[in-house]
Amino acid sequence: MKYPAIRNFVAGKPLENASTSAMDVFSPLTGELISTVPLSGAEALDAAVRAAKAAFPSWSATPIKERVQIFYRYKTLLERDMKALAELVREENGKTMDEARAEVEKAIELTEFACSMPQLIQGEFLEVSKGVEARAERKPLGVVASIAPFNFPNMVPHWTIPNAIVLGNTMILKPSEQVPLSAVKIAELLKEAGLPDGVLNVVNGDKEIVEAICDHPEIQAVSFVGSTKIAKVVYIRATSNLKRCVALGGAKNHLMVLPDAHPDMTASNVAASMSGCAGQRCMAGSTMVGVGAVDGIVAKIVEEAKKIVAGQNLGSVISKEAKERIEKHISEAEAAGAKVLLDGRNAVVPGHEDGYYVGATVIDHVTPDMRIAQEEVFGPVLAIMRTNTLDEALAIENANPYGNAAAVFTSSGSSARYVMDHANAGMIGVNIGVPVPREPFSFGGWNESKFGACDITGKSSIEFWTQLKKTTTKWNPESRVNWMS
């Protein structure tokens, strides 16, 4: 194996694996075995929670101005190790090197935002009556947990780790068992930055450890990112155990293209949206709705997509099973009457013949009843539907059960505003194929793309990771007493 066997990271050090079972970790780039990961159970989680609970009193009592100093140092370590961190992401996830580097750059931005927390949670103070003062302050919850997906091994953990920990919580991170390498490095770098032992603990595993996190009585809040099917299960199980939970699920994002859209800008944005990160992101523009006469734009999209070559500027998908599932979606759509304009099935990368690659694919004349129009494909595939009016396009978008993102490509300000007002999604793009908000704006969809209150990043995350303490004081007995005092 290229890397040593993964171990859990608890109380500031890697632990010998007590688990009797482990899972092989393969690089999707080559199909080669690169490591193994323990499939931990409740006993391993208990050890991590004990460490986090023991660290909480001291960490939560540390002034926030001091807590953020560790993350200032951590940011410089992320910058120092940018290349190595990006290589880890590429190795375990299959991204291109540019995409892997961009993921680490986003992690740096998320860390920067966490460093601004002292300016964002100063609390409130008011003299509410003569001699009576009221104060509201945000306090940490205690031990919290973050369950991360395979598609962003470095970025998604940074959606939660910096904010939750800077705000005074201690954390259990459960990375995807398919991509455990980056989580180990994150924990090591935070320790190097000076994070006290036990504040961040990494526990690896599969379904069993997720269930244990949802059930553990000492864990106060759980964040989850993954498929909608599992997000629902996690949300129901965690909240039934009286925990806070925000669970992000899948998506079916619609890119509405009007005839007055700028052809070149639209083509490059749509092609990049559907193929970036091999389509394995919940913000991918997997469905385009062409409104009216857009054949010329479709032709340009196909030409742009032809420039996206597997093994060059298009990475692999995560597994052999994912490759087979994606290609089945394409074949089913073709059999149902859709027209494949660009076919990415059976892609082979010379020298990496055992890697898991699907080429960029564009399918036209998809109808709303087809499975490819309804389900999240999670691959570099664009399904194109046709309508005559913008209202018809919005009806298709609004009928889907998800609500992460929607975008419109147009030169008309009124058309753009109409979509902004009527699209049933939490994140809207105008001439932007991947409308991900930058900090301090928060990330989070609607409907079956998100379960729970608050968003997972940005200012909205502050409310999720903290609770309000309200204090009322009076020191002057000589003041007149009325109903307010």
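Note that the coordinates shown come from a computational prediction; the quantities given were computed from them, not determined experimentally.
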Between [X] and [Y] (side chain of the first, backbone of the second, donor and acceptor by atom type, cut-off under 3.5 Å), is there such a pair?
X: Ser449; Y: Gly250; result: yes
X: Asn431; Y: Thr410; result: yes
X: Tyr357; Y: Leu29; result: yes
X: Thr287; Y: Ala383; result: no
X: Asp354; Y: Gly31; result: no
X: Thr457; Y: Phe443; result: yes
X: Asn154; Y: Val89; result: no
X: Asn398; Y: His422; result: yes
X: Thr36; Y: Asp24; result: no
X: Thr361; Y: Gly344; result: yes

Heavy-atom distance under 4.5 Å between the side chains of [X] and [Y], does that happen here?
X: His158; Y: Phe152; answer: no
X: Leu200; Y: Met171; answer: yes
X: Ile456; Y: Phe464; answer: no
X: Val298; Y: Met288; answer: yes

Which residue in the set Lys339, Arg345, Arg371 passes salt bridge (Lys or Arg N to Asp or Glu O under 4.0 Å) when paired with Glu334?
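Only one of Lys339, Arg345, Arg371 forms a salt bridge (Lys or Arg N to Asp or Glu O under 4.0 Å) with Glu334, namely Arg345.
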Say whether [X] and [Y], considering side chains only, have a donor N or O and an acceptor N or O under 3.5 Å apart.
X: Asp369; Y: Thr367; result: yes
X: Ser460; Y: Ser442; result: no
X: Ser182; Y: Glu92; result: yes
X: Glu91; Y: Tyr3; result: yes

Interatomic spacing from [atom1] in [X] to [atom2] in [Y] - rounded to 0.5 Å:
X: Phe71; Y: Phe113; atom1: CZ; atom2: CZ; result: 13.5 Å
X: Met385; Y: Ile372; atom1: CE; atom2: CD1; result: 10.0 Å
X: Asn241; Y: Ile213; atom1: CG; atom2: CD1; result: 12.5 Å
X: Arg90; Y: Leu88; atom1: CZ; atom2: CG; result: 12.5 Å

Under 30°, 30 to 60°, or over 60°: which ring-plane class applies to Phe451 and Tyr235, parallel, tilted or perpendicular?
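Taking Tyr235 first and then Phe451, their aromatic rings sit tilted (interplane angle of 30° to 60°).
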Under a 4.0 Å threshold between the charged nitrogen and the carboxylate oxygen, would [Y] count as salt-bridged to [X]?
X: Glu375; Y: Lys252; result: no
X: Glu32; Y: Lys2; result: no
X: Glu103; Y: Arg281; result: no
X: Glu303; Y: Lys300; result: no
X: Glu327; Y: Lys323; result: yes
X: Glu105; Y: Arg101; result: no
X: Glu324; Y: Lys328; result: no
X: Asp364; Y: Arg386; result: yes

Taking everything shown except Arg438 itself, do over 12 heavy atoms lie less than 6.0 Å from its CZ?
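Counting other residues, nucleotides and ligands, CZ of Arg438 stays at 12 neighbours or fewer.
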Worked verdict on Lys307 versus Glu304 for salt bridge (Lys or Arg N to Asp or Glu O under 4.0 Å):
CA-CA 5 Å; Lys307 301 174 186 177; Glu304 285 295 319; 3.1 Å; yes
Take Glu439 and Lys106 through the test salt bridge (Lys or Arg N to Asp or Glu O under 4.0 Å) and record every step on the way to the result.
CA-CA 10 Å; Glu439 309 310 307; Lys106 179 62 179 178; 3.4 Å; yes
Under the rule for side chain to side chain donor-acceptor pair (under 3.5 Å), what residues qualify as partners of Ser316, not counting sequence neighbours?
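So Ser316 forms no side chain to side chain donor-acceptor pair (under 3.5 Å) with any residue.
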Only counting residues at least two apart or in another chain, list the ones meeting side chain to side chain donor-acceptor pair (under 3.5 Å) with Asn93.
Lys95
